Colleague: 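Have a look at the structure that comes next, please.
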Amino acid sequence: MTKARFLVPPGLEHLSKMQQIIIHQQTELLGVFLGTEKSNKYEIKDNFGQRFYFATEENEYFNKNFCGPVRPFTMRISNSRGQEVITIIRPLRCIHCCFPCYLQELEVQAPLGTTAGFIVQKWDPLLPKFIIQNESKEDVLIVIGPYLTSSCFGDVIFEVKTLNEESTIGKICKYWSGFVNDVFTNADNFGIEFPVDLDVKLKAALIGTCFLIDLMYFEQSSDGI
């Protein structure tokens with residue numbers, strides 16, 4: 001894939017030149033201990049630790065506190081000037097393999113109102129799998145996670161592969177943040193690696209996949225379907 005083949009949506013010029021990003025979740029400790037956490041917020045940084053995007057989950061109090069990790073949301077990603085450059089829309093759907101007909105499907109827009117791609121959960125009895133689709137709903141990549149997704153004692157890696165699952169071209173990694181953080185907070189840190197010349201709209205879709213993985217497998221909640 002070469003950059004010349006793809007038009008870069010406004011605001012994604014910096015992302016188009018990158019091959020690694022870090023996503024850091026912000027945590028309000030008082031809300032953690034009182035059980036009144038607000039919607040998730042994330043800093044998206046380059047490999048030098050410089051923030052270039054900021055993501056905010058737009059949600060209702062009821063959805064956040066009663067629907068848990070299956071809640072619907074709109075994730076709004078803005079640049080340093082506060083301009084919304086990526087929007088991720090997640091409807092309410094099931095997350096367990098016992099409901100294979102109504103699994104997760106997210107839409108990624110860049111800019112707002114223009115479809116850039118989709119993330120579609122693929123049913124599998126053992127492994128987490130997600131199909132990355134382009135704006136025409138054509139399958140392009142697949143993301144495959146491990147059988148055990150616990151991050152208590154080390155990093156958890158979701159591999160980004162070609163559709164035939166033979167070649168790995170990148171990864172989404174949940175970094176182990178230490179015992180205290182994993183047990184007592186929901187704060188997560190992720191790294192995403194992809195080819196520098198990958199279509200920037202697919203890079204945006206992989207960022208959306210990272211947020212979905214965080215909610216499905218790493219957000220602590222006693223609620224959910």
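Just so we're clear, the structure is a prediction, and the values are computed from it rather than from any experiment.
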Colleague: Return the minimal non-hydrogen interatomic distance between G208 and I88, and the atom names on each side.
Modeller: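 Heavy-atom minimum between the residues: CA-CD1, 3.4 Å.
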Colleague: Rounded at 0.5 Å granularity, tell me how far CG in L127 sits from NZ in K122.
Modeller: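 So the gap between those two atoms works out to 10.5 Å.
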Colleague: Atom CD1 of I23 and atom CD1 of I172: how far apart are they, to the nearest 0.5 Å?
Modeller: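 The CD1 atom of I23 sits 8.0 Å away from the CD1 atom of I172.
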Colleague: My understanding is that only residues two or more places apart in sequence, or in another chain, count here; which of them pass side chain to side chain contact (heavy atoms under 4.5 Å, CB included) with S167?
Modeller: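 Side chain to side chain contact (heavy atoms under 4.5 Å, CB included) list for S167, sorted by chain: T162.
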Colleague: Compare all side-chain heavy atoms of I207 with those of M75 and state whether any distance is below 4.5 angstrom.
Modeller: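 No; the side chains remain at least 4.5 Å from each other.
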Colleague: Determine whether a donor-acceptor pair (N or O, by modelled atom type, separation under 3.5 Å) exists between the side chain of K203 and the backbone of S16.
Modeller: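 Judged by distance alone, yes, a pair lies under 3.5 Å.
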Colleague: Which value, rounded to the nearest 0.5 Å, describes the distance between L141 atom CG and L206 atom CG?
Modeller: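 The distance works out to 6.5 Å.
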Colleague: Mind checking what makes side chain to side chain contact (heavy atoms under 4.5 Å, CB included) contact with T115, not counting sequence neighbours?
Modeller: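 For T115 the side chain to side chain contact (heavy atoms under 4.5 Å, CB included) partners, ignoring immediate neighbours, are E107, F118, E135.
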Colleague: Quick one: CD1 on I132 to CG on L202, what's the gap to the nearest 0.5 Å?
Modeller: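 CG of L202 is found 8.0 Å from CD1 of I132.
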Colleague: Tell me, please, which residues at least two apart from R51 pass salt bridge (Lys or Arg N to Asp or Glu O under 4.0 Å).
Modeller: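 Scan of R51 (salt bridge (Lys or Arg N to Asp or Glu O under 4.0 Å), adjacent residues dropped) gives E43.
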Colleague: Go through it in stages, so that I can follow the logic: the residues are I144 and D124, the test is side chain to side chain contact (heavy atoms under 4.5 Å, CB included), and I'd like the CA-CA distance, side-chain angles, deciding distance and then a yes or no.
Modeller: CA-CA 10 Å; I144 303 177; D124 188 281; over 6 Å; no
Colleague: With hydrophobic residues grouped by side-chain heavy-atom distances under 4.5 Å, do F190 and L198 end up in a single group?
Modeller: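 Same cluster: F190 reaches L198 through Ile, Leu, Val, Met, Phe, Trp or Tyr contacts under 4.5 Å.
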Colleague: Between H14 and D46, what is the shortest heavy-atom contact and its length?
Modeller: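 Scanning both residues completely, I find the closest heavy atoms to be NE2-OD2, 4.4 Å.
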Colleague: Can you list the residues that meet the side-chain hydrogen bond (donor to acceptor under 3.5 Å, both in side chains) rule with E84, with sequence neighbours excluded?
Modeller: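 E84: side-chain hydrogen bond (donor to acceptor under 3.5 Å, both in side chains) contacts with R76, T87.
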Colleague: State whether Y217 and K174 meet the cation-pi test: NZ (Lys) or CZ (Arg) under 6.0 Å from the six-membered ring centroid, and within 45° of the perpendicular axis.
Modeller: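 No, K174 and Y217 do not form such a contact.
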Colleague: Tell me every residue that passes side-chain hydrogen bond (donor to acceptor under 3.5 Å, both in side chains) with Q133, counting only those two or more places apart in sequence or in another chain.
Modeller: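 Here the qualifying residues are D139.
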Colleague: Tell me, please, which residues at least two apart from K137 pass salt bridge (Lys or Arg N to Asp or Glu O under 4.0 Å).
Modeller: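 Per chain and number, K137 pairs via salt bridge (Lys or Arg N to Asp or Glu O under 4.0 Å) with E105.
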Colleague: Examine M18 and I192 and state if one hydrophobic cluster contains both, with Ile, Leu, Val, Met, Phe, Trp and Tyr joined whenever side-chain heavy atoms are less than 4.5 Å apart.
Modeller: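 Yes, same cluster.
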Colleague: Would a hydrophobic clustering, with Ile, Leu, Val, Met, Phe, Trp and Tyr connected at side-chain separations under 4.5 Å, put L112 with L7?
Modeller: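 No.
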Colleague: Are I89 and I86 linked, directly or through intermediate hydrophobic residues, by side-chain heavy-atom contacts shorter than 4.5 Å (ILVMFWY only)?
Modeller: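 I86 does not cluster with I89.
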Colleague: What pair of heavy atoms forms the shortest contact from I169 to P195, and how long is it?
Modeller: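 That closest heavy-atom pairing would be O-CD, 3.4 Å.
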Colleague: Output yes when a side-chain donor or acceptor of E165 lies under 3.5 Å from a complementary backbone atom of L163, and no otherwise.
Modeller: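 Not at all, since once roles are kept as given, no pair shorter than 3.5 Å links the two residues.
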Colleague: Between atom CG of L103 and atom NZ of K129, what is the distance when rounded to the nearest 0.5 Å?
Modeller: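 So the gap between those two atoms works out to 13.0 Å.
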Colleague: Using side chain to side chain contact (heavy atoms under 4.5 Å, CB included) as the criterion, list what pairs up with T168, not counting sequence neighbours.
Modeller: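 Counting only residues at least two positions away or on another chain, T168 forms a side chain to side chain contact (heavy atoms under 4.5 Å, CB included) with E159, K161.
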Colleague: Does the side chain of F194 come within less than 4.5 Å of V160's, by heavy atoms?
Modeller: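 No - every pair of side-chain heavy atoms lies 4.5 Å or more apart.
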Colleague: For F211 and Y42, I'd like to know if the aromatic rings sit close, meaning centre-to-centre distance below 6.0 Å.
Modeller: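 Ring centroids of F211 and Y42 are less than 6.0 Å from each other.
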Colleague: Closest heavy-atom contact between P72 and P91?
Modeller: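 Closest approach of P72 to P91: CB-C, 3.8 Å.
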Colleague: Do V143 and L126 belong together in a cluster built from hydrophobic side chains that touch within less than 4.5 Å?
Modeller: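 Result: no, two separate clusters.
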Colleague: Which residues pass the side-chain hydrogen bond (donor to acceptor under 3.5 Å, both in side chains) test with E166, sequence neighbours left out?
Modeller: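 None.
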Colleague: Would you say the side chain of Q50 lies within less than 4.5 Å of the side chain of K45, judging by non-hydrogen atoms?
Modeller: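 They are not in side-chain contact.
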Colleague: Indicate yes or no: at least one non-hydrogen side-chain atom of I213 is less than 4.5 angstrom from one of V156.
Modeller: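 Contact flag for I213/V156 side chains = no.
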Colleague: Minimum heavy-atom separation for F158 to P128, with atom names?
Modeller: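 For F158 versus P128, the nearest heavy atoms are CE2-CB, 3.9 Å.
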Colleague: If you round to the nearest 0.5 Å, how far is CD1 of I119 from CG of L106?
Modeller: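 With rounding to 0.5 Å, CG (L106) is 5.0 Å from CD1 (I119).
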Colleague: I need the minimum non-hydrogen distance between A55 and I44, along with the two atoms involved.
Modeller: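 For A55 and I44, the tightest heavy-atom pair comes out as CB-CD1, 4.5 Å.
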Colleague: Which residues pass the side chain to side chain contact (heavy atoms under 4.5 Å, CB included) test with N79, sequence neighbours left out?
Modeller: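 Once residues adjacent in sequence are excluded, the partners of N79 under the side chain to side chain contact (heavy atoms under 4.5 Å, CB included) criterion are Y53, R81, Q83, V85.
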Colleague: Taking ring-ring contact (aromatic ring centres under 6.0 Å, His included) as the test, write out the residues that go with F54, two or more places apart.
Modeller: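 So F54 forms no ring-ring contact (aromatic ring centres under 6.0 Å, His included) with any residue.
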Colleague: Taking ring-ring contact (aromatic ring centres under 6.0 Å, His included) as the test, write out the residues that go with F130, two or more places apart.
Modeller: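 F130 satisfies ring-ring contact (aromatic ring centres under 6.0 Å, His included) with no other residue.
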